[in-house]
A.B. asks: 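There's a structure below that I have some questions on.
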Amino acid sequence: MEMQFNKRLSIGVEGEDRLSEMPGNIIDHILELMPIKDAAKTSVLARKWRYIWCMHPNIVLDKLTCRKFSTNSLRVLDNTINKILLQHIGNIIKFVLDFSQVDLLPLTDINMWIRYVITKGVRDLTLDFSNNNPYKLPTYIYYYQNLTDLTLNNCLFKPLDFIFSYPNLKSLYLNQITFMATPKSLVLKAPVLANLTIMYCWGTESLNIISPQLSYLFVVESHYLDLSCFMKCTNLAVVSLSLCKVVENPKQNERSTLLKFIFGLPMLEKLYLDTFYLKVFDSDNHADDVLNYLEKLNNFDRPIPNLEQVVIRSFNGSKPELLFIKLLFAATPSLIRMSIERDRIFTSTEDRKITGELMRYPRASPKAELFYLPPRRL
């Protein structure tokens, strides 16, 4: 009996030694993949692991973890997160707070947590309040300049100053953000910003983002968007614009912000576009101006040399749409694939007329293929 006990003991010590000898980067990776609650439990595995979870630079409070903490009450959720942060040792590089599955009430200490992780040097910050009342961001978040990655869901955005900057920000993801009305336009200076996503946001017509290094722009259903603030983003390689209204210059012959934007991107490689932009001009008083401008552009020499892939969605077969496609074919010497997705089922007569016209358009690229696709199934 004693021999069996000693054998188990030696195996336990050996197992602990193996855990203790694991390289630090592997331990960090293991903890990074675990919910914070489970990561805390690893403290009993070996002596070396006892405080590692407290020193891990990433604190990820995902939606499942927060929902579990809040099962009894929001007070339990508050106390648990406070304990996690108070026990943490060292810098916090990444902080994720996902309350998308928590019924949020005013008693949570969110502002205090954000201030705390800022004092710990956080660089990658995610705040998700989907399915709740919008969360008003604290003013000090606008003046914290160490952020490299910022993800915000369902927040109210209103800095005290009209001009603010994130000098180190590389990635910005905004979903369901309300930019509160201000007397002047909001100017965000982000000199190294590379990736920008704007989804279902309000008040974007007064937002001016100065980001000369931007390479990826993804916009979905923002009620108004002023593309003129991106005119100097000549490094854009991927652009996706869907279901949002473009703020146009009201002057005659200047109602082509979208076209000037696209044809001013020499590094553009992939373009995804909902033709809602061009359809707007079919039904307003400036349709003739747009057509005249498109026809004038047909003869200009302004190629997009690197564009290889184009996807045009919600195609209706209107004259502005067809002229726009004609321009793209003529201005893209590297084009490989153009996909056109119809927004409805056309009659056979309409289809023959449209496909015949599309096939006649000259193509600057000998490799360019045209894919004429049916409407998407919902």
Side-chain angles (χ1 to χ4, degrees), residues 16 19-20 22 24-156 166 168-169:
E16 181 174 319
L19 288 171
S20 298
M22 290 180 68
N25 62 328
I26 294 179
I27 295 175
D28 286 344
H29 184 63
I30 291 172
L31 293 177
E32 188 173 341
L33 298 174
M34 299 174 70
I36 190 69
K37 190 174 182 180
D38 294 332
K41 293 177 182 178
T42 62
S43 60
V44 302
L45 294 177
R47 283 189 295 271
K48 184 179 177 181
W49 287 59
R50 186 167 300 169
Y51 300 107
I52 286 181
W53 79 272
C54 297
M55 297 183 288
H56 197 270
N58 299 339
I59 296 181
V60 178
L61 299 164
D62 60 24
K63 59 185 177 183
L64 296 179
T65 301
C66 290
R67 186 176 66 184
K68 286 180 182 178
F69 288 158
S70 65
T71 300
N72 295 324
S73 70
L74 282 178
R75 178 61 64 188
V76 172
L77 173 66
D78 258 18
N79 292 339
T80 304
I81 296 178
N82 284 331
K83 286 179 181 178
I84 290 170
L85 293 176
L86 286 173
Q87 291 181 68
H88 192 272
I89 303 168
N91 291 335
I92 297 174
I93 303 302
K94 179 178 181 178
F95 182 68
V96 175
L97 182 66
D98 189 339
F99 274 12
S100 59
Q101 294 192 5
V102 175
D103 292 329
L104 194 60
L105 291 174
L107 65 97
T108 53
D109 297 324
I110 298 169
N111 285 8
M112 183 180 70
W113 300 332
I114 296 174
R115 183 186 290 274
Y116 182 77
V117 298
I118 283 177
T119 64
K120 290 280 191 170
V122 68
R123 295 181 208 161
D124 186 343
L125 179 63
T126 296
L127 302 173
D128 191 337
F129 301 96
S130 306
N131 305 314
N132 277 288
N133 291 326
Y135 169 67
K136 186 177 180 181
L137 294 168
T139 55
Y140 45 80
I141 203 170
Y142 303 112
Y143 305 102
Y144 178 66
Q145 300 193 336
N146 290 342
L147 288 173
T148 59
D149 299 85
L150 179 60
T151 298
L152 300 174
N153 285 280
N154 196 26
C155 297
L156 299 178
Y166 289 128
N168 298 296
L169 194 66

A.B. asks: If I take atom CG from residue Leu152 and atom CG from residue Asp128, how far apart are they, to the nearest 0.5 angstrom?
C.D. replies: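 Answer rounded to 0.5 Å: 9.5 Å.
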
A.B. asks: What's the spacing between Ile110 CD1 and Lys136 NZ if we round to 0.5 Å?
C.D. replies: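 The distance works out to 14.5 Å.
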
A.B. asks: On a heavy-atom basis, which atom in Lys94 and which in Asn58 lie closest, and how many Å separate them?
C.D. replies: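 For Lys94 versus Asn58, the nearest heavy atoms are CB-OD1, 3.2 Å.
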
A.B. asks: If you define the side chain from C-beta out and look only at heavy atoms, does anything of Arg115 sit under 4.5 Å from Ile118?
C.D. replies: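 Arg115 does not reach Ile118 side chain to side chain.
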
A.B. asks: Counting neighbours of NZ on Lys120 that are heavy atoms of other residues, nucleotides or ligands and sit closer than 6.0 Å, is the number greater than 12?
C.D. replies: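 Yes, NZ of Lys120 has more than 12 neighbouring heavy atoms, counting only those of other groups under 6.0 Å.
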
A.B. asks: Taking the side chain as C-beta and beyond, is there a heavy-atom pair between Trp113 and Asn82 under 4.5 Å?
C.D. replies: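 SC-SC contact between Trp113 and Asn82 confirmed.
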
A.B. asks: Is there side-chain contact between Tyr144 and Ile141, with at least one heavy-atom pair below 4.5 Å?
C.D. replies: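 Result no, sub-4.5 Å side-chain heavy-atom pair not found.
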
A.B. asks: To the nearest 0.5 Å, how far apart are CZ in Phe69 and CG in Asn79?
C.D. replies: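 With rounding to 0.5 Å, CZ (Phe69) is 11.5 Å from CG (Asn79).
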
A.B. asks: Would you check if Leu147 and Leu125 make a side-chain contact, meaning some heavy-atom pair closer than 4.5 Å?
C.D. replies: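 Leu147 vs Leu125: side chains touch.
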
A.B. asks: Going by heavy atoms in the side chains, are Tyr116 and Ile92 under 4.5 Å from each other?
C.D. replies: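 Of all side-chain heavy-atom pairs linking Ile92 with Tyr116, at least one is under 4.5 Å.
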
A.B. asks: For residues Phe99 and Asn153, determine if any side-chain heavy atom of one lies less than 4.5 Å from a side-chain heavy atom of the other.
C.D. replies: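 Side-chain contact under 4.5 Å: no.
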
A.B. asks: Can you see which heavy atom on Ser100 is nearest to which on Lys63, and at what distance?
C.D. replies: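 Smallest interatomic distance, heavy atoms only, reads OG-CB, 3.6 Å.
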
A.B. asks: Roughly how far apart are Leu97 CG and Thr126 OG1, rounded to 0.5 Å?
C.D. replies: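 Here the interatomic distance stands at 9.5 Å.
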
A.B. asks: Please say whether more than 12 non-hydrogen atoms of neighbouring residues, nucleotides or ligands are located less than 6.0 Å from CG in Asn133.
C.D. replies: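 No - once you tally the heavy atoms of other residues, nucleotides and ligands closer than 6.0 Å, there are 12 at most.
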
A.B. asks: Please give me the minimum heavy-atom distance between Leu61 and Cys66, naming the atom from each residue.
C.D. replies: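 Closest pair (atom of Leu61, atom of Cys66, distance): O-SG, 3.5 Å.
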
A.B. asks: Might you point out which heavy atoms bring Val122 and Ile93 nearest each other, and give the distance in Å?
C.D. replies: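 Of all heavy-atom pairs spanning Val122 and Ile93, the closest is CG2-O, 3.5 Å.
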
